[in-house]
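Comments concern the structure below.
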Amino acid sequence: MIEKIEITQRFNFKRLNRHYECFTIDLVNKNAYYKISERGSGDKFLTENSFCDDSWIDILVDLRRKMTSEIHRIGDEQIDKFLFDFNNLNLFEDFESEEFSYFEKIELIYSCNVIIYSTDNYEEYSFKNNFPPNWIRFGEILKDLFNFDVLHLNYQKQLVTPLYFDIRKDGVYFEDKLSLKTIEFGHYQAYPYELPNPRLIINFADNTIEGYIEKELSDDDRDLILNLLEKYHVYMWIFDDYHNKSKTRDPDDLEGYEWYLEMVFEGNVIWHIFGYNDYPDTYVSLAHEIIEITGMDLFEMNTICENDLKLFERFSSEKLAD
């Protein structure tokens with residue numbers, strides 16, 4: 001018999017604005033509650049710098065507001081119905097977990113870890129992109145039980161993951177391909193500590209490029225940027241298939257540099273990835289072309305050691321040949 005379920009969800013927005021939570025359903029003691037496990041800067045936001053888009057702020061405020069110390073009581077009939085519905089879901093049948101750790105060299109906007117404690121068993125499942133087929137239905141069951149959106153399905157529709165979106169090499173699709181509103185890229189020193197000041201903000205709606213390059217966005221600029229994103233499979237960077245280098249070798253300097261890349265699409269749909277001194281496989285190839293175009297090392301190629309560059313070249317060639 002299932003005795004307890006722990007659902008740990010991680011939401012990554014800006015560097016100091018992340019939200020980690022664990023919701024525990026204790027069927028033996030007939031209650032449910034949050035373990036306060038948030039890592040971040042409390043209720044403070046990074047207002048020191050301009051950002052390309054602040055769609056994430058309302059999400060983060062609401063996530064933090066809902067994670068209270070309230071104890072949710074559940075009765076015997078509710079437990080029986082939940083167990084019946086959950087067992088019929090076969091939520092993790094034939095499910096293959098993704099790699100998951102508290103500290104990862106490359107992190108995505110969302111990841112989840114579920115632990116199921118039974119009378120004589122213990123099961124753990126982790127995922128970032130490979131959502132269980134019945135995850136949405138599981139969220140609906142939890143909402144019926146607790147009368148609130150435990151899995152934050154309302155906000156999942158605003159986060160670029162495969163739960164609601166189709167992510168392809170040429171863009172992000174819902175029903176049709178979503179148009180891109182803004183791009184923001186930051187690269188900064190982790191030690192000694194440095195605030196994540198954006199290096200580049202591209203605003204397609206305002207036709208502007210700001211940061212290390214200041215100019216009006218022309219039609220040629222727009223076409224070039226969109227072509228680069230597609231050419232180097234940037235939309236696919238959130239998938240483990242593009243993290244081969246990071247899984248093969250640790251960088252020489254673990255206290256070196258951090259970076260993030262955020263894209264916001266129509267409807268305030270957010271695509272976000274960030275890393276600790278490591279990058280997706282085609283990052284360096286894109287960085288080389290940006291140097292050729294601008295004459296500027298915007299992606300800080302000079303901070304990547306020679307051994308890592310050789311690995312990036314190898315894995316990038318494999319990916320771009322697909």
Task: Minimum heavy-atom distance between E98 and D240, given as atom pair plus value - done: OE1-OD2, 4.0 Å
Open item on the list: Using the ring centroid of each side chain, check whether F148 and F23 are separated by less than 6.0 Å.
Closed with: yes
Task: NZ or CZ of K4 within 45° of Y117 ring axis and under 6.0 Å - done: yes
Open item on the list: Test side chain to side chain contact (heavy atoms under 4.5 Å, CB included) on I109 and W271; report intermediate values, then the result.
Closed with: CA-CA 7 Å; I109 196 166; W271 182 106; over 6 Å; no
Task: Heavy-atom pair with the smallest gap, counting every atom of I167 and P162 - done: CD1-N, 3.8 Å
Task: Side chain to side chain, I209 and L200, heavy atoms closer than 4.5 Å - done: yes
Open item on the list: Using the rule given for side chain to side chain contact (heavy atoms under 4.5 Å, CB included), can you reason through Y242 versus F315, listing the C-alpha separation, both sets of side-chain angles and the distance that settles it, and then say yes or no?
Closed with: CA-CA 8 Å; Y242 284 78; F315 290 120; over 6 Å; no
Task: Shortest non-hydrogen contact between F274 and R18, atoms and distance - done: CE1-NH2, 3.2 Å
TODO: Just say parallel, tilted or perpendicular for the rings of F95 and F127, cut-offs at 30° and 60°.
DONE: perpendicular
Task: Geometric class of the Y283/W237 ring pair [parallel <30°, tilted 30-60°, perpendicular >60°] - done: tilted
Open item on the list: Given W259, which partner from the list Y276, Y279, Y188 fulfils the ring pair (Phe, Tyr, Trp, His ring centres under 6.0 Å) test?
Closed with: Y279
Open item on the list: Please give me the minimum heavy-atom distance between S97 and E124, naming the atom from each residue.
Closed with: OG-O, 3.9 Å
- [ ] Taking all heavy atoms of I79 and all of L27, pick out the closest pair and write down the distance.
- [x] CD1-O, 3.6 Å
Task: Distance (rounded to the nearest 0.5 Å) between N12 CG and E107 CD - done: 5.0 Å
Task: Basic-acidic side-chain contact under 4.0 Å: K231, E289 - done: yes
Task: Smallest separation among heavy atoms of D278 and I106, with atom names - done: O-CG1, 4.0 Å
Open item on the list: What I'd like to find out is whether the side chain of D241 reaches to under 4.5 Å of the side chain of K319, using heavy atoms alone.
Closed with: yes
Task: Aromatic Y173 / basic R168 pairing, under 6.0 angstrom, 45° off normal - done: yes
Open item on the list: Quick one, D85 and L145 - any side-chain contact, counting heavy atoms below 4.5 Å?
Closed with: no
Open item on the list: Can you confirm if the aromatic rings of F11 and H152 lie within a centre distance of less than 6.0 Å?
Closed with: yes
Open item on the list: Within the supplied structure, the quantity of interest is the number of heavy atoms (other residues, nucleotides, ligands) at a distance under 6.0 Å from F174 CZ; does it exceed 12?
Closed with: no
- [ ] Apply side chain to side chain contact (heavy atoms under 4.5 Å, CB included) to L153 and I136, showing your working.
- [x] CA-CA 7 Å; L153 296 178; I136 293 174; 4.2 Å; yes
Task: Salt-bridge contact E140-K143 (side-chain N to carboxylate O under 4.0 Å) - done: no
